[in-house]
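The structure under discussion appears below in the form of structure tokens.
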Amino acid sequence: MIRLAGVQFQQSGMWPSDSIESVIIQRMHEDPIVYRYQSMDELSFELKLRKNIIVSARSMNQGHSDFAIFAKSRCNPQYWLLTSVGGFQLRYGVKPSDAIRDIYKNSSLYAFECATAMMIIYYHAVLNSIDEHLFNQLFQNLYLYSWHSDPDLGIHNVKTSHFLPGDVVYFNNPDFNPETPWWRGENAVVLDDGAYFGHGVGIRNANQMIQALNKTRRPGSNQSVYLENLATRPAFQHLAKYSMMPRGYNQHIIIFHNETSISYDRYLYYLTSFSRSLSLL
């Protein structure tokens, strides 16, 4: 259900019936959770960003970037510095917007794992949803590594089995082969046609995704891969309220773990554990 300024929202032909926006609206109406917006601008922005997440995911699928563990990550040195842990640090003097676009423009120069892929998709989608100058102000200290993100994205988890197009979900492989730990799971974008995009796996429906990952279990295992009841989302309404005011530098904590293809939930666990340990000092 959708409530707009306290009133139940009913779509009235604002978007074509076969559009991605209409599909998202329909899925929201079918969800027992109430989606609340203070204005039509807030709702429209979320629909726009969700659509662009899907577009960015499909574009990555059509590109030539490789799936790689952190030790074998690579990037275009014209825009990024490859760190010792396999992260991409924005070069001094490079515009964040140019660096993000280059991942899509010169995709063959890049290799990264699936959590990093989700963050690239998020940044690319936000860039296509807000003013470029504002994007460069907000994300001027861009660093790509696993689920590490700028706090302005507001990445968070929602416990649900009712996924919306533009959500990121996780196919968990609890009995993965220890010789190929990068198949511990697959982060994937929910597309508008019921399929999912996962970097390194491509576009598949849920059953196909599970079948593919089941082939990577430890020998003799009969514990199937499953889709977790968690949706990872950016803070849509927060992003909708960004102004053009310049922002200062903020240092953000980066959690290094060297575990390829972890879920955002697992990364959040590491981040929370580290924060608690600091509070005890």
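Predicted model only: the values in this text are computed from it and were never measured.
The two residues G87 and Y143 make their nearest non-hydrogen contact at CA-OH, 3.6 Å. Summarising the geometry of F171 relative to A206, their closest heavy-atom pair is CE2-O, 4.0 Å, with the distance given to 0.1 Å. The minimum heavy-atom distance between L81 and C75, with the atom names listed, is C-SG, 4.4 Å. The two residues F163 and A231 have their closest heavy-atom pair at CD2-CB, 4.0 Å. The minimum heavy-atom distance between S129 and A125, with the atom names listed, is OG-O, 2.7 Å.
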Intermediate values then yes/no, side-chain contact (heavy atoms from CB on, under 4.5 Å), M119 and L153: CA-CA 10 Å; M119 292 309 310; L153 281 181; 3.5 Å; yes
Check against salt bridge (Lys or Arg N to Asp or Glu O under 4.0 Å), D175 and R217: CA-CA 6 Å; D175 213 11; R217 293 176 296 180; over 6 Å; no
Worked check of side-chain contact (heavy atoms from CB on, under 4.5 Å) between L90 and Y79: CA-CA 6 Å; L90 185 70; Y79 295 91; 5.6 Å; no
Worked check of side-chain contact (heavy atoms from CB on, under 4.5 Å) between W15 and I20: CA-CA 9 Å; W15 297 277; I20 294 178; over 6 Å; no
Candidate pair N52 and N128, rule side-chain hydrogen bond (donor to acceptor under 3.5 Å, both in side chains), full reasoning: CA-CA 7 Å; N52 283 334; N128 290 329; 5.4 Å; no
Steps toward side-chain hydrogen bond (donor to acceptor under 3.5 Å, both in side chains) verdict (N106, Y110): CA-CA 8 Å; N106 294 303; Y110 292 84; over 6 Å; no
side-chain contact (heavy atoms from CB on, under 4.5 Å) evaluation trace for H199 with E113: CA-CA 7 Å; H199 181 57; E113 49 80 61; over 6 Å; no
Trace of the side-chain hydrogen bond (donor to acceptor under 3.5 Å, both in side chains) decision for S56 with S59: CA-CA 5 Å; S56 294; S59 295; 6.0 Å; no
Derivation and outcome, side-chain hydrogen bond (donor to acceptor under 3.5 Å, both in side chains), residues N172 and Y226: CA-CA 5 Å; N172 190 18; Y226 64 93; 2.9 Å; yes
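Interatomic distance, CG of L138 versus CG of L127, reported as 11.0 Å (0.5 Å rounding). Atoms CG and CD, from D131 and Q137 in turn, are 10.0 Å apart once rounded to the nearest 0.5 Å. Within the model, atoms CD of E228 and OG1 of T160 stand 13.0 Å from one another, a figure rounded to the nearest 0.5 Å. In this structure, OG in S161 is found 5.0 Å from CG in N229, a value given to the nearest 0.5 Å. Of the inter-residue distances, the one linking R218 atom CZ with N173 atom CG reads 9.5 Å to the nearest 0.5 angstrom. Rounded to the nearest 0.5 Å, atoms OG (S224) and CD (Q211) are 9.0 Å apart.
When side chains are defined from C-beta on, V85 does not count as touching F70, because their heavy atoms never get closer than 4.5 Å. Annotation: side chain of I120 is in contact with side chain of F112 (closest heavy-atom distance under 4.5 Å). The shortest side-chain heavy-atom distance between L213 and E186 falls under the 4.5 Å cut-off. Within the 4.5 Å cutoff, side-chain heavy atoms of M60 are placed close to those of F197. The closest side-chain heavy-atom distance from I24 to M28 is below 4.5 Å. Residues L142 and F88 have side chains not in contact (no heavy-atom distance under 4.5 Å, counting atoms from C-beta outward). Residues I2 and Q8 have side chains not in contact (no heavy-atom distance under 4.5 Å, counting atoms from C-beta outward). Inter-residue side-chain proximity for P219 and N177 is flagged as met; some heavy-atom pair is nearer than 4.5 Å.
Classification of D193 and R58 as a salt-bridged pair holds, one side-chain N sitting under 4.0 Å from a carboxylate O. The existence of a salt bridge linking R50 and D167 is confirmed by a sub-4.0 Å separation between a basic side-chain nitrogen and an acidic carboxylate oxygen. Between R74 and D66, at least one side-chain N (NZ, or NE/NH1/NH2) sits under 4.0 Å from a carboxylate O, which counts as a salt bridge. Using a 4.0 Å cut-off between charged nitrogen and carboxylate oxygen, R101 and E132 count as a salt-bridge pair.
Using the six-membered ring where Trp is involved, W183 and F67 have ring planes that are parallel, under 30° apart on the 30 and 60° scheme. Ring geometry for Y104 against H124 counts as parallel: the plane angle stays under 30°, on a 0 to 90° scale with 60° as the upper cut.
Side-chain heavy atoms closer than 4.5 Å link hydrophobic residues (I, L, V, M, F, W, Y) into clusters, and following such links, possibly through other members, connects L82 to I103. In terms of hydrophobic clustering, with Ile, Leu, Val, Met, Phe, Trp and Tyr side chains grouped at heavy-atom distances under 4.5 Å, I121 and V190 are assigned to different clusters. Tracing side-chain contacts under 4.5 Å through hydrophobic residues (I, L, V, M, F, W, Y), one reaches F236 starting from M40; they form part of the same cluster. Clustering ILVMFWY residues whenever any of their side-chain heavy atoms sit less than 4.5 angstrom apart, transitively, puts M209 in a cluster other than the one holding I54. Placement of M118 and V169 in two distinct hydrophobic clusters is found when ILVMFWY residues are connected by side-chain heavy-atom separations under 4.5 Å, directly or transitively.
Not one N or O on the side chain of R91 forms a donor-acceptor pair closer than 3.5 Å with the backbone of V94. Proximity of a side-chain donor or acceptor of Q26 to a complementary backbone N or O of S22 within less than 3.5 Å is not detected. At distances below 3.5 Å, at least one donor-acceptor pair connects side-chain atoms of H156 with backbone N or O atoms of R233. S107 places no side-chain N or O within donor-acceptor distance of the main-chain N or O of G63, the cut-off being under 3.5 Å. Checking side-chain atoms of S146 against main-chain N and O of H148 turns up no donor-acceptor pair under 3.5 Å. A donor-acceptor contact shorter than 3.5 Å is absent between the side chain of Q78 and the backbone of A99.
Judged purely by distance below 3.5 Å, without hydrogens or angles, the side chains of Q89 and Y145 never pair a donor atom with an acceptor atom.
Enclosure of atom CD in E179 is not indicated, since only 12 or fewer non-hydrogen atoms of other residues, nucleotides or ligands lie within 6.0 angstrom.
Taking the six-membered ring for Trp, F139 and Y123 have ring centres closer than 6.0 Å.
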